[in-house]
Amino acid sequence: MLWADKFAFAAALFLMLMLLFAIFGPALLDGVASKQNLRARNAAPFTVERGFLYLLGGDALGRPLLARIIVAAQNTLTIAAGAVAASMVIGSTLGLIAGYAGKTTGEVIMRLADVIMSFPSLLLAVIVLYMLEPSIGNLVLVLAITRIPIYLRTTRAEVLEVRERMFVQAAQVMGASTSRIIFRHILPVILPTLLTIATLDFAFVMLAESALSFLGIGIQPPEVTWGLMVSQGRQYLTNAWWLAFWPGLMIILTTMSLNLLSGWMRVALNPTQRWRLELGGKRNG
Amino acid sequence: MSSMLGKRAVSSFISLMVLIVLVFFLSRLTGDPAALYLPVDASEEMRQNFREIHGLNDPVLVQFGHYLADLVRFDFGDSLRKARPALEVVLEAFTWTLELALITMALVTAAAIALGSLAAFNIGSPLDRIASLLSLIGASAPDFWIAIVGIVLFSVSLGWLPTSGTGSVWHWILPISVLFIRPFGLILQVVRGSMITALGSAYVKTARAKGVKNRPIIFVHTLRNAMLPVITVIGDQAAALLNGAVVVETIFGFPGVGKLMIDSILQRDFNVILAAIMVTALAIFVMNLLIDIAYALLDPRIRT
Amino acid sequence: MAEHLLEVRDLSVRFHTARGVVNAVNGISWHLDRGETLAILGESGSGKSVSASAIMNLIDCPPGEITSGQILFEGRDLLTLGGEARREINGRRIAMIFQDPLSHLNPVYPVGWQIAEAGMAHGESRHDAYARTLELMRRVGIPEPDAAMKKYPHQFSGGQRQRLMIAMALVLKPDILIADEPTTALDVTVQAEVLSLLEELQEETGMGLLLITHDLGVVAEAADRAVVMQGGRIVETGTPRELYHNAQHPYTRKLLAAAPGKGAMRQADERPAPILQVRGLTKSYGAFTALKCADFDLRAGETLAVVGESGSGKSTVARLILRLEEASGGEALWKGEDLLKKSHRQMAPLRRQLQMVFQDPTQSLAPHMSVFEIISEAWAIHRDILPKARWRARVTELLEQVGLQPEHADRYPHQFSGGQRQRIAIARALALEPELIICDEAVSALDVSIQAQVIDLLGRLRDELGIAFIFIAHDLPVVRDFADRVLVMQKGEIVEQGPVTEIFERPRELYTQRLLAAGLDADPDVQAGRRAARLALAG
Amino acid sequence: MKYITALAGLLLASTAMSPAFAQDNHDVTVVLAEEADVIEPCMATRSNIGRIVLQNISETLTELDVRGDKGLMPRLAESWEMAGDNTWRFHLREGVKFSDGSDFDAEDVKHSFERAGSDQITCEISRYYEGIDITPKVVDAHTIDFTTEPAQPILPLLLSLLTIVPSETPLEFTRNPIGTGPYMLAEWNPGQDIKLARRDDYWGEAPAVTGATYLFRTDAAVRAAMVQTGEADIAPSISATDATDPEMDFSYPNSETTYLRIDQNVAPLGDKRVREALNLALDREAFIGTILAEGTQIATAINVPTTLGWNPDVTAWPYDPDKARALLAEAKADGVPVETTISLIGRTGNFPGATEVFEAIQGMLTDVGFNIDLQMVEVAEHEQYYSKPYVEDRPILVGAQHDNSRGDPVFSMYFKYHSEGRQSGINDPKVDELIETATAATGEERSALWSELFAYLHDDVVADVLLFHMVGHARVGGRVDFTPTIATNSSLQLSEIGFK
């Protein structure tokens, strides 16, 4: 079915590769990626004289960029996926409650969302990272909290609309319990929207993490993420562009892949649209 | 309308109060400003004296009481670092942010609507594809990266634009361009999608049956209908800009509220943080109000 | 051969869809003369609107493609003209009005402007266009036209909106007016008024009127000639009378046979004590009262029809009994227990006895669930009905009972036609083995032939399973064939109730009489009588 | 390319955006990293304020010569001498006027001193007078005595930090600093720029620069670019990576010394062998010219070589990883828990390349067998580790940078090494005693005592892991003539700038 959409297929392949990097990268390459070699400092890309790991060049401490990018995939994807998943689960749960429960509960939850939205995310980052350790888990926490309102508002708005639909009333007439209506009837309908937002948010979170590193309050070495690499490589932009370019390119490619895949997913998740892919597959395959 | 406004004001006020309480207490958990403000070799006596002068020795609840009492008299306290009224500092910075946000959003809106409408009308054309691709790439590149590349390219290598600062019209081009990219990509996509839906509407058929020409069909009949979801996104993006564009302000030396906020946070200048939050919250409240008014102006169904 | 005002010759249009090429119309030909009303009759999917779209240049190419044929307007082939020339003809020479005027009017502009725009788009001055608009709004019977010009579409009723559409079409006094299902979804009384208006206007201007409809009654009421379409082809042409009395093609005969309101009415026999007693049922929204003190009984196995125009409160009755909304007052005793006083928890077990079939099966079936999941959900909710092992077999049984195939169980709702979907919805209701099914306009959205099949199905279930029905409808002929007793509602009140024979043959209330007179009959002769009665009542 | 640049220059000049483009214009533009939050003379020891205020707006009684070796030079004081055991007498310059027109006299000096030490405002420079009881006494309009308890041999040096304000200056931060310097505050647009204008009634020689505009840019690359494009004339601090143009870029010792502070109270850092191993594990040479700029010196003391008593006989620790491993093994055999995870705390943005330096240090220490957990933290959190009371739940190395351009170790030693010092990680009676005697000593004796202390700390105590004397980089535009010095880190005298 995926084959039907060539772009989505390429995107899926790319993301699979990233996933493999994330899972096996650190185990295989951790030593190489953190091995400093000041002679290979800012080594230029596209030469293989130092081995193919230096294909993309070396960083400011002479560590091979390719290896670092592969190793960094784990942290980067963990942070982004963790933050997106946490904010989506919490946000949409609150949104479901706000949309389906009484007016007062809904109102309180919405005001909560307002508060989170106007709480400066940088302050939140400083507070959390000051009071807790500046670890990946806590960074996920910070990023997740700031993204909750998006899911909360979207979910609530969708629930308010979907709950008025006929098939929800049909379920009510059959005597379905509230939880059944929410999880069996409402959630599946709004899930594609949430997943679409989640894929877009994935990019946002990667960039936010990078911006936090830029401001000096994000992930800190020796941990490494693509965002951190971009932010560290920034000062070498004029004389060693590759330090910031490759990890930046990875962020862009991952984002684009997710975007393409989310477009495909929106169709694939919808029974009334799915035939497009099934048919396309037959015709092309 | 006025009762809705009142309700809105009340609920926003409640949110704001909760926010202030949270920020007030949480920020005080992040360390002693005296340690940051004074040089590392300052004596304990000096620190004690500093805390005494700024009321930091009182129990936090008492500090909060003082703060509220002052707030009622519209006194937002003084900035620790700048030894000036916090509100004055914030309003100064906010003026910059406001200008930057307004100009950027005006340009983004105009460009995204024009290009998005054309892309929607010529769906699948090269224009459509290029616009989508560029907006996607632009939206996923780190902004500080774009900013520095922009300076290196346009200021240092080509010498066309000043690197940074606020002096003339030329100074605004780079920061606005960098800020432009992300909301532009997003709004372009929304305009495109919304216009595609609207162009498929029944009333477009009616207009064609009436013999209305293409241009009024796109820009009179369809666009106004397609604007409703677009306005929501414009509002969200504008709100983000009103909160300050930290990265761009930092790099281009723009004295906006985002830079002020990050500096105050890192320096634990609590009064400035709180004043900045209140000012931006008020601005966002006003902006949401404007958006509601825009809704009502655009769609008569909302008016009644 | 005399030249016709408009002639379609051998028109074929096909659409390239992802499912392959669909031939929408295939070599159709018809013509329309000045002052004449031609009806194109067909069910959904018959291609009846395609030729009109081709005339108005509303077919998007791609995906549409006109593969053959000519459309001759005053001797010129429209299909060979350029875009600008066709735009010039649209609105000025040939105008069109549509079904569902709410979505066909631009929601964000005042109606006066939208009407005047038709003139201004063709070079009329603003002043003239507005003057003409005012005159037309008065002519089509919009109250206070001066003020109404500044209002927006949503501020008008459905009938008024269709009148506005008509006014918009007439701004430039076109030679031809195409009306695509102009009265569908309007109340019967309003439908009759709109058709009369079109007829009057035609007499005034001498324009040719092309009436596209699925309703035999509309043909009988308004058409001079009719073409019957099926599957993209014209199967028969003739005057309404010829078609009614002397249909040649089996499809035409099938359509006529499916037209409701022909069979024998059911005789209400006395039955045991009522299972549902509704007393003083009231619902108000603030100052507005949607339902005022409704009293009625329902006996086991009985079919009670609730009829009335939109806004009469007929659906409210159903929603209150099923607790989809909370009543403001009164009681509804189900076997002696007041449903309105049950908590939601207490209500849950009772729900299996009371089921509902909604108007629009597209919306009442969850799009993300397969048919099996939809039907078996009943047993997932009420665990004691059926062990899980038997679900599959029972679903098959139910599908067969409603006339579907067992293999349909694993498909999704969008893969079915409207009629099939409504059968699925009925199977879902049956899964709980209810004693009462409330049908809220359950057949209104269906084509006539499908409507007849579904009514047949319901009738069979009633007889076989002894289920009682509350049958809410605005369509009187359907009610006539199916109900035991009828409740007539108007503005939230029950104005008359009684056995179906009494209501249809000896209506006591003026409102009931009006409703009956406004209904359209497929028989042109019967319809002529109705029209006389209608005029008498109006006068 | 040239054509385009010229065109752009024309364009920009026509919009009058930068005074640097106008010829015959002897105004300069200086771009600093951090905005001056206040322009308060008594805060002039803070570098972002000092670069604007010190000797430009406000002057001091004495001034340390950093270009030659003249030592302490007169400024507002023409001469000074000991007038008794504990009293210094200063003869003030006559005919000096403040920028508000009032005359400079001994009362102003007295007020300036008292104001700096007042508990009603938090003046940073007062910290240099802590722990000494100093009483100023006006003798006549142009003579003032400072009586100290205990005796303070370097009082004239200390007074090189005291900015003089008129006696009318209130006890709160002023927004309109009045001074005796050659410039006065002309315009202050918070967040954007600060402008100084040359005074006509300055007592000394009129400097070449007629006015100065200070701009603020956080990003080092932007600062460098601004000088390159002519938007600014001087960027006193740019990143080493950007200092690539020998025509414009100068490196200067910035008097900063980086080191790892060791809290010896927590095992295994109490063991001397472990501390030696830490020092031997680092290949300090490898940093220079790679992560850190050429010109960076390996430190053997916390003070730079130009400081009084700096000991040339102390040799830097060699890079000997094998010996480090051996020492660790030895310590381990004696039951020292050398495998405990040691936290290495670095501060983000502490100096250019800080993150890389700490990463490299972590790599080298790990290499010899230490178990190092690197944490890069922001300034507020760093402070929690840096100053007492210490976090003592685990062994911690705090990476820090210390600045002393004053020429005397007294400004460092007590804080860094006395057992009572706020940032001291050691508790050694001999160190305490040496510090106390040296502080009170004068002349050769003072110098010898400091020398002894430097050697003792480095070789015997192994108090810390000393790293580098850092260099700063400044970019100076082609229009102006200016050579940065060690003082450029804390001040920037406009009168030292000439035009080509």
Side-chain angles (χ1 to χ4, degrees), chain B residues 1 3-4 113 117 119-126 128-129 191 194-232 234 291-304, chain C residues 49 52-53 55-60 62 83-111 113-124 150-155 161 164-165 168-172 174 177-180:
Chain B
M1 191 82 188
S3 79
M4 186 207 76
I113 286 175
S117 302
F121 196 71
N122 303 303
I123 188 165
S125 67
D128 181 25
R129 278 162 200 273
V191 170
S194 183
M195 276 299 278
I196 289 172
T197 312
L199 282 167
S201 304
Y203 54 80
V204 172
K205 228 173 170 183
T206 312
R208 285 170 67 179
K210 268 197 283 189
V212 181
K213 292 177 179 145
N214 274 343
R215 197 173 305 170
I217 285 181
I218 300 174
F219 291 106
V220 178
H221 282 269
T222 322
L223 189 59
R224 187 158 159 187
N225 282 286
M227 277 306 284
L228 293 173
V230 176
I231 282 186
T232 313
I234 290 177
I291 285 198
D292 282 347
I293 293 170
Y295 263 136
L297 285 179
L298 281 176
D299 191 344
R301 286 167 295 186
I302 296 169
R303 271 175 247 168
T304 42
Chain C
S49 299
S53 296
I55 294 165
M56 301 306 289
N57 196 20
L58 295 180
I59 295 174
D60 285 316
E84 185 55 26
R86 300 201 58 182
R87 191 189 65 74
E88 277 296 318
I89 291 170
N90 277 7
R92 179 191 288 278
R93 308 297 310 279
I94 308 175
M96 184 164 180
I97 62 175
F98 301 88
Q99 178 186 0
D100 187 12
L102 179 58
S103 65
H104 280 85
L105 287 168
N106 198 323
V108 299
Y109 290 101
V111 294
W113 178 84
Q114 294 193 51
I115 296 172
E117 195 201 16
M120 293 188 286
H122 292 280
E124 265 195 25
K150 297 189 185 70
K151 289 195 192 169
Y152 293 89
H154 69 279
Q155 293 166 305
R161 282 193 282 263
L164 290 167
M165 287 284 290
M168 188 189 294
L170 295 182
V171 168
L172 293 166
L177 177 63
I178 302 173
D180 189 356

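Remember, predicted model here, so these are calculated numbers, not experimental data. In the text below, chain A, chain B and the rest are named by the order of the sequence lines, each starting its count at 1.
Between C:Asn106 and B:Asn225, the shortest heavy-atom contact is OD1-ND2, 2.7 Å. Residues C:Pro107 and B:Pro300 approach most closely at O-CG, 3.2 Å, considering heavy atoms. Listed here is the closest heavy atom pair of C:Met56 and B:Ala209: CE-O, 3.6 Å.
In this structure, chain B has heavy atoms under 4.5 Å from both the backbone and the side chain of C:Gln114. At a 4.5 Å heavy-atom cutoff, the contact between C:Leu105 and chain B is made by backbone atoms alone. Only the side chain of C:His122 comes within contact range of chain B, with at least one heavy atom under 4.5 Å from a heavy atom of that chain. Of the two parts of C:Met165, only the side chain, counted from C-beta on, holds a non-hydrogen atom closer than 4.5 Å to a non-hydrogen atom of chain B. Looking at C:Asp100, neither its backbone nor its side chain comes within 4.5 Å of chain B, counting heavy atoms on both sides.
For B:Lys210 (side chain) and C:Met168 (main-chain N/O), no donor-acceptor pair under 3.5 Å exists by modelled atom type. Under a 3.5 Å cut-off, the side chain of B:Arg224 and the backbone N or O of C:Val108 do form a donor-acceptor pair.
Between C:Glu117 and B:His221, the side chains place a donor N or O and an acceptor N or O closer than 3.5 Å (distance only, hydrogens not considered).
Residues of residues 200-208 of chain B that come within less than 4.5 angstrom of chain C, heavy atom to heavy atom, are B:Ala202, B:Tyr203, B:Lys205, B:Thr206, B:Arg208 in numerical order.
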